[in-house]
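Working notes, structure below.
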Amino acid sequence: MNKYNHRDIEKKWQEFWEKEELDKALNFDKKPKFYGLIEFPYPSGEGLHVGHIRPDTAMDIICRKRRLQGYNVLYPIGWDAFGLPTENYAIKTGIHPTVVTKKNTDNIRRQLKNLGFSFDWSREINTTDPAYYKWTQWIFLQFLKRGLAYKKKMAINWCPSCKIGLANEEVVDGKCERCGTPVEKRDKEQWLLAITKYADRLDKDLDTVNFLEKIKTQQKNWIGRKEGINITYLIDGTKETITVFTTRPDTNYGATFVVLAPEHELAMKITTEDNKKTVAAYVNNASKKTEEERITEGRKKTGVFTGRFAINHLTGKKMPIWVSDFVLSGYGTGAVVGVPGHDIRDFEFAKEFGLEIIRVVVGKDYDTSPIARPEQVQEEEGRMVNSGILNGLEIHEATRKIMDYMVEKGWGKKVVTYHLRDWIFSRQHYWGEPIPVVFCEKCKNRKYNFIFIHGYDSTCKTPWKAWLKKELEKRGHAFFGPELPNTANPNVEEQANYILKNAKIDEDTIIIGHSLGGAVMMKILEKIKTKIARAVFLDAVLRPEFNHREIPEVIASSDWKFNFKKIKKAANEFVVLADKDFIIIPKDQSEELGKLFEARVIYVKPNHRHFSRAEIEPEVLKLFDDNGRVPVPEKDLPVELPKVEKYQPTDTGESPLAAISDWVNTKCPRCGGPARRETDTMPNWAGSSWYYLAYLMMEKNPKSEIRNPKQIKNSKFKIRNDEKNLKYLDLRFAGDQFKYWLPVDWYNGGMEHTTLHLLYSRFWHKFLFDLGLVPTSEPYAKRTSHGVILAEGGVKMSKSRPETIINPDDLVKRFGADALRVYEMFIGPFDQTVAWSMDGLAGAQRFLEKIWNFYGQVKLMDCDDGKKPCANAPAGLPQLLHKTVKKVGEDIEAMKFNTAISAMMIFMNFIGKHEAVPRAAAERFLIILAPFAPHLAEELWQKLCHKQSIFREKWPEYDPALAQDQTIKLVLQINGKVRDLVEAAADIGEEEAKELALASEKIKKWLVGKEVKKIIFVKGKLINIVI
RNA sequence: GGCUCAGUGGCGGAACUGGUAUACGCACAACACUUAAAAUGUUGCGUCCUAUGGGCAUGUGGGUUCGACUCCCACCUGAGCCACCA
């Protein structure tokens, strides 16, 4: 046989696999499914280096093994192609990002194909493809509809040199990542996604998934759920109160002052005249401070006194109220109560300004002396002193007791806070998905006439309705809320006719249907000719079905038949507004209304009692006051990026898109008047938050798809063909694919994505689950992570030091893809950081050569079925084979690829010594080798005269009895030290073992003149004589 | 400062649930083959000693145990993530 030459075989098999569609995942196949996922690459100009392909190789091995085990495997790949490096490159060179992206993806695709990864290339996706980001934008619109995307003025990081807003991750040590200029703060309106609304579920549901423990811990810490109490204090000499958040109310007897964040609304409000000037100066200064100044100042505490005092409920003490920037406005209530005896920051603050320090907890050392140094501030355990009713209690008991006490007294309220913040979703860059919203001045100023339809046995004079009327009229809207006929014994038709007769209904009308009024509203909408501006369902009734009771009058009030198609056409927008805690009308009615009318569904805070009490509810007012922000209608998606010559940032802090007037100026989809497009784009994390779904929506080569015949008839499938872009199924109708493939069975990725991408995509998935679009509440069943590969010498491979980057292209040429794959996996434990070594790579190649040479000259004995040894087969071979099959299989599952390869080397070293081996053993070994070195295994398989691909074979079973050793070397110990080894049967009993041990010459020598105290026998392992 | 992880030959690393520490590979050395080299094969390879045997070795110091790389306590070193989060 020829010498092993990877160049002759690797291309050949790659082409063969592609032709055979060996790696194609079939939707709805009968086999069990396996969805293996790796993080899709960013197509950088440098291409891949050897570190990038470690996780790809690992998952490829797992997926190839799964195929051999009879699974229908999906191993997809795509491009996460929006982002700064491409945009920067475009700015520098003037080449359009689309062109750059194309060039880079072509290059990396070539690299990946050369390595023989078994990706299903027919499902390749690209986040910058308008057909793709259409759906990214569509999901954003759903967030908007549900009130989970909102705009807020906030401080952003601003680079005065690049004249561009920076994301947090672009700020390194208070400086711009690109140019090193210190970053400033600037106020700007930003889009945010309300991930905090999902904080609790993101935390709790971690218990339902199989993620590495360290990944769960990191996410839990990032979410930072904490239970505590909001304590409200009276401010002496005013009518104001101040609320602070604390997790340690047990120390409240030791509270001696209160501190507000500079941004706190009370900071200026309560300050006495004498202190106004200094406080104003401090507050002003704090807002201007740059990140860098804050860091260089270190932790030295600064602050100013407001001249006011809060009264400590427990001690009656007057606690001075200060303002300081060590208190964060975004966490808790933006105010803290200072307990300098037991909090290091409070202690430093008290020292700085000479405030009183009281100790209320004693630790193990019983030291109660006043504190002089910060390290004496102790925490975490101890008993209460100087604390009234808490004295003597252990701190955790004290916490429980005082919480209940304060709540009972009405001083405080138990609350849960999170470290997690809402996700800032705006970027002022060109190369990202445009946010599909337009701004319309006319809609902002538009005045509506509201028609309010009250419910069964009700009136329009309740306090809540009166409040709404007042608020709307204050804004210049008209409000018509008539008393409907026969409210105690209503007839929906009659009430609808009453409204039709008495109210003016035109395109500026907003109808609010409250409770049974929702049904009345639908009857009205069935009949009108003009399209009204908005229809609002307010805790509305869709069916006369209620929790807890029956209401015969309501059942009788209507035929409960509605023409939803007609109704849907009668209003421009639908909104469903529901009281989360109202128990009589089942919540699923609101949900259903939301789906019927593709409405915005918003739940208001608890305790509104079906919108009866006159409480200010900003969520409600927001609905009538959207600042002229009009969502782009779904049918107009995608909002494509304009093709332009320049991507330079502007001077104003706006995205480069703002300068493209052709694109920015558009027509308002609501009123048809002139409007401006939103010029912010989405962050990188947007496209990657749902990409694992996009693979399932790909529609290419349908000829080889096994399709459920029912679906072809299904009208949903026809809609797909009307889509402008045929590449992706309509996300709303891809449910069957989702049901088949989800959840992702195994997702491997980097630890650096744990708190960003991994959390964000879990959030999006839960949101889509709530919309009923995906079948699972978690996207990923299992998550593991890989270690980084460092350059030789242990330094990081980085763009700034090109000599450290090891490109796989040359290595594939010199050593072959198989050698590179084997070495990548053998280099060290998969989850740990390891340094690259060229010598090691040569070792992997030698291993493959050894296999090649052996298979080239070995004589195969066709004598057994692999279980029973041939008469003249090498002794011990079946045992070793079954052991190896067991170990390699188990190690792949545990991602212990390095020891799997080592086991195969041991096997190879063994059979390499023989001239003839049973055919079955030689073939089984090739199959377990195949996932690691697919080209070589395939070639040798063919040389063994097989017509079919080795990947159509079955992963070998092992016989547990054979995988176990028959005889062992029994270890003979004296006092735990090994003195001799003897051959013995694996199941040798204690008595026999004792005899063996005492018969040993070496052991006898040690026992001369000694008394045996004890003998310990461990079955199958050792016998230990204690003397 | 917090959280998480790691520390074993010249090097990458192995060791199940506490049971022969150093598997496998690299590097190195000697030998064989060769005119020679490369390649390949064979053998050796923690360290010390009074050496057919024995002592000491898994970052350091203690502890539990018949027995500890493995469990517990304290410390040292390094890595990653977060960081004035009340």
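Letters A, B, ... mirror the listed sequences (proteins, then strands); counts begin at 1.
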Using purine N1 to pyrimidine N3 plus N6-O4 or O6-N4 for Watson-Crick, or N1-O2 and O6-N3 for G-U wobble, both under 3.5 Å, which nucleotide pairs with [N]?
| N | answer |
| --- | --- |
| B:C33 | none |
| B:G78 | B:C5 |
| B:G25 | B:C11 |

Check: Considering the options A:Leu202, A:Leu420, A:Val416, A:Thr417, which one meets the side-chain contact (heavy atoms from CB on, under 4.5 Å) requirement together with A:Arg225?
Finding: A:Val416

Notebook entry, point to check: Nearest of B:U20, B:G19, B:G53 to any side-chain atom of A:Leu1022?
Noted result: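 Nearest to the side chain of A:Leu1022 among the choices is B:G19.
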
Value in whole Å for how far the [atom2] atom of [N] lies from [atom1] of [X]:
| X | N | atom1 | atom2 | value |
| --- | --- | --- | --- | --- |
| A:Leu420 | B:C81 | CG | C1' | 16 Å |
| A:Lys1021 | B:C66 | NZ | C1' | 17 Å |
| A:Asn909 | B:C26 | CG | C1' | 14 Å |
| A:Glu752 | B:C3 | CD | P | 23 Å |
| A:His419 | B:G1 | NE2 | P | 19 Å |
| A:Trp852 | B:U40 | CH2 | C1' | 18 Å |

Between the base of [N] and the side chain of [X], is one N or O donor paired with an acceptor at under 3.5 angstrom?
| X | N | value |
| --- | --- | --- |
| A:Lys301 | B:C84 | yes |
| A:Gln973 | B:G19 | yes |
| A:Asn1024 | B:C66 | yes |

